[in-house]
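Working notes, structure below.
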There are 2 protein chains.
Amino acid sequence: MQKTIFIFGALVLALLVLFQLSKYSLVSGNTSIEFIIAGIAIVFFVIGIIINKKVLYKEKNNSEEIDHEKIKTLGLSKREYEVLCEIATGLSNKEIAEKLFVSESTIKTHVSNILVKLNAKRRTQAIQIAKELRIIQF
Amino acid sequence: MQKTIFIFGALVLALLVLFQLSKYSLVSGNTSIEFIIAGIAIVFFVIGIIINKKVLYKEKNNSEEIDHEKIKTLGLSKREYEVLCEIATGLSNKEIAEKLFVSESTIKTHVSNILVKLNAKRRTQAIQIAKELRIIQF
DNA sequence: ATACAATTCATACTTTAGTATGAGTGATTT
DNA sequence: AAATCACTCATACTAAAGTATGAATTGTAT
């Protein structure tokens with residue numbers, strides 16, 4: 001927030017300087033009007049692009065962010081969420097068990113709980129639902 | 001392509017008109033220099049935003065577009081691709097069979113072929129691989 | 001015409017996935 | 001101290017998923 005205010009302040013200052021520069025160089029007569037106009041056009045063109053890029057970047061980031069609040073709301077525990085992420089990468093129960101150093105039956109228990117909490121019938125459906133809820137990335 | 005040329009042509013024309021207008025109004029003396037500069041600044045600011053938005057939109061679309069070439073390269077048939085898309089939505093073989101009006105064993109055959117062609121061990125892995133290859137959306 | 005690829009289906013089988021139930025442990029809360 | 005929760009694990013079962021094989025049909029290309 002403070003950053004935004006600082007940037008806008010600097011911007012306004014730069015514009016005022018530009019205004020005065022233009023006026024003086026016009027009065028003194030050693031610069032043509034076309035040159036000044038072209039300069040101003042380029043400066044504002046670039047400013048427009050930069051500002052737009054920042055805004056769109058924020059929007060993009062927001063749409064790809066994980067909704068940690070929703071994870072809590074659904075009642076997914078830390079371990080269950082871990083398992084959910086591994087499911088989404090395409091691992092089998094056995095592979096997940098090896099990766100997390102627990103038994104396959106433990107993973108089965110977690111998966112069952114995940115399916116209930118996400119209201120899914122299958123793990124493939126759980127992946128879809130988790131994506132729609134912005135719980136996992138892609 | 002022709003569209004781009006047309007737009008750029010119109011843009012250059014508009015700029016020339018702006019230049020001349022500025023000069024004349026300055027010479028005639030009924031418009032202040034600040035007003036002209038402000039006008040030009042606004043116009044180019046807006047142009048910058050518009051052009052930037054279009055470029056980013058295209059980039060975004062490209063990154064989300066389906067690579068039809070890759071589908072052919074992998075040797076996926078039309079029907080197999082249909083089944084792959086349904087798998088990605090989280091449907092079971094039986095549900096896919098009902099949706100496509102064929103038997104479950106037909107879907108099983110398709111799924112087996114899909115897994116071989118995508119080099120996947122499971123359907124969940126197939127979803128991931130298909131996403132990475134930009135064959136399906138998300 | 002025939003060779004070929006795509007699609008369909010079946011049967012039999014193996015492997016995963018998922019459910020149900022019960023239970024033990026450690027950490028945290030009341 | 002007792003209750004609660006998250007995590008762990010096991011067993012036994014049912015339900016899907018996936019493999020292998022063979023075969024019939026249809027449209028298309030040679």
Side-chain angles (χ1 to χ4, degrees), chain A residues 66-133 135-136, chain B residues 66-133 135-136:
Chain A
I66 290 169
D67 191 342
H68 296 282
E69 264 313 306
K70 204 159 274 171
I71 295 174
K72 284 180 190 169
T73 308
L74 291 165
L76 279 174
S77 73
K78 205 186 295 178
R79 202 58 159 170
E80 283 164 356
Y81 180 69
E82 275 186 278
V83 173
L84 175 61
C85 291
E86 299 301 337
I87 289 173
T89 66
L91 298 185
S92 69
N93 289 337
K94 189 186 269 184
E95 286 168 341
I96 297 172
E98 285 166 4
K99 192 166 180 180
L100 300 183
F101 304 108
V102 293
S103 79
E104 193 186 340
S105 74
T106 301
I107 300 300
K108 282 190 177 186
T109 306
H110 287 320
V111 172
S112 268
N113 292 332
I114 291 168
L115 294 183
V116 171
K117 289 173 181 177
L118 287 184
N119 198 26
K121 290 177 189 168
R122 282 163 294 282
R123 51 169 61 209
T124 49
Q125 201 182 0
I127 295 172
Q128 265 307 110
I129 291 171
K131 259 181 249 154
E132 281 167 14
L133 295 174
I135 285 177
I136 57 174
Chain B
I66 291 168
D67 192 343
H68 295 283
E69 265 312 306
K70 203 159 275 171
I71 296 174
K72 284 180 190 168
T73 308
L74 291 165
L76 280 174
S77 74
K78 205 186 294 178
R79 204 57 160 169
E80 283 164 355
Y81 181 69
E82 275 187 278
V83 173
L84 176 60
C85 292
E86 299 300 340
I87 289 174
T89 67
L91 297 186
S92 68
N93 289 337
K94 189 185 268 184
E95 286 169 341
I96 296 171
E98 285 166 5
K99 191 166 182 180
L100 300 183
F101 303 108
V102 292
S103 78
E104 194 187 339
S105 75
T106 301
I107 300 300
K108 281 190 179 187
T109 306
H110 288 319
V111 173
S112 268
N113 293 332
I114 290 168
L115 294 184
V116 171
K117 288 173 182 178
L118 288 185
N119 198 27
K121 289 177 190 168
R122 283 162 293 281
R123 50 168 62 207
T124 48
Q125 201 182 0
I127 294 172
Q128 265 305 111
I129 292 171
K131 259 181 249 156
E132 280 166 16
L133 295 175
I135 284 177
I136 57 175

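Protein chains get the first letters and strands the later ones, always in sequence-line order, with residue 1 at the start of each. The basis for the numbers below is simple: all heavy atoms, side chains too, and nothing from hydrogens, waters or symmetry mates.
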d(CD1, Ile107(A); P, dA6(D)) in whole Å: 17 Å
Per the side chain to side chain contact (heavy atoms under 4.5 Å, CB included) rule, which among Leu91(B), Leu100(B), Thr106(B) passes with Val83(B)? Leu100(B)
Can you tell me how far NE2 of His68(A) sits from OG1 of Thr73(A), rounded to the nearest 0.5 angstrom? 12.5 Å
Is Val111(A) close to Ile96(A) at the side-chain level, that is, under 4.5 Å between some pair of heavy atoms? no
Only counting residues at least two apart or in another chain, list the ones meeting side-chain contact (heavy atoms from CB on, under 4.5 Å) with Ser105(B). Ser103(B)
Find out whether Glu95(B) and Lys121(A) are in side-chain contact, i.e. whether some heavy atom of one side chain is under 4.5 Å from a heavy atom of the other. yes
Rounded to whole Å, CD1 of Ile96(A) lies from P of dC7(D) at a distance of 15 Å
How long is the straight-line distance from CD1 of Ile129(A) back to CZ of Arg122(A), given to the nearest 0.5 Å? 9.5 Å
Measuring to OP1 and OP2 of dT8(D), would you say a side-chain N or O of His110(A) lies under 4.0 angstrom away? yes
Look at the side chain of Thr89(A) and the backbone N and O of Glu86(A), then say whether any donor-acceptor pair between them is shorter than 3.5 Å. yes
Under 3.5 Å donor-acceptor, Lys117(B) side chain and Leu76(B) backbone: no
Close approaches to DNA chain D from residues 68-85 of chain B, in residue order (heavy atom, under 4.0 Å): none
At under 4.0 Å between heavy atoms, which parts of nucleotides 9-30 of chain C does protein reach? Answer with one letter per nucleotide, 5' to 3': B base, S sugar-phosphate only, - none. BB------BBB-----------
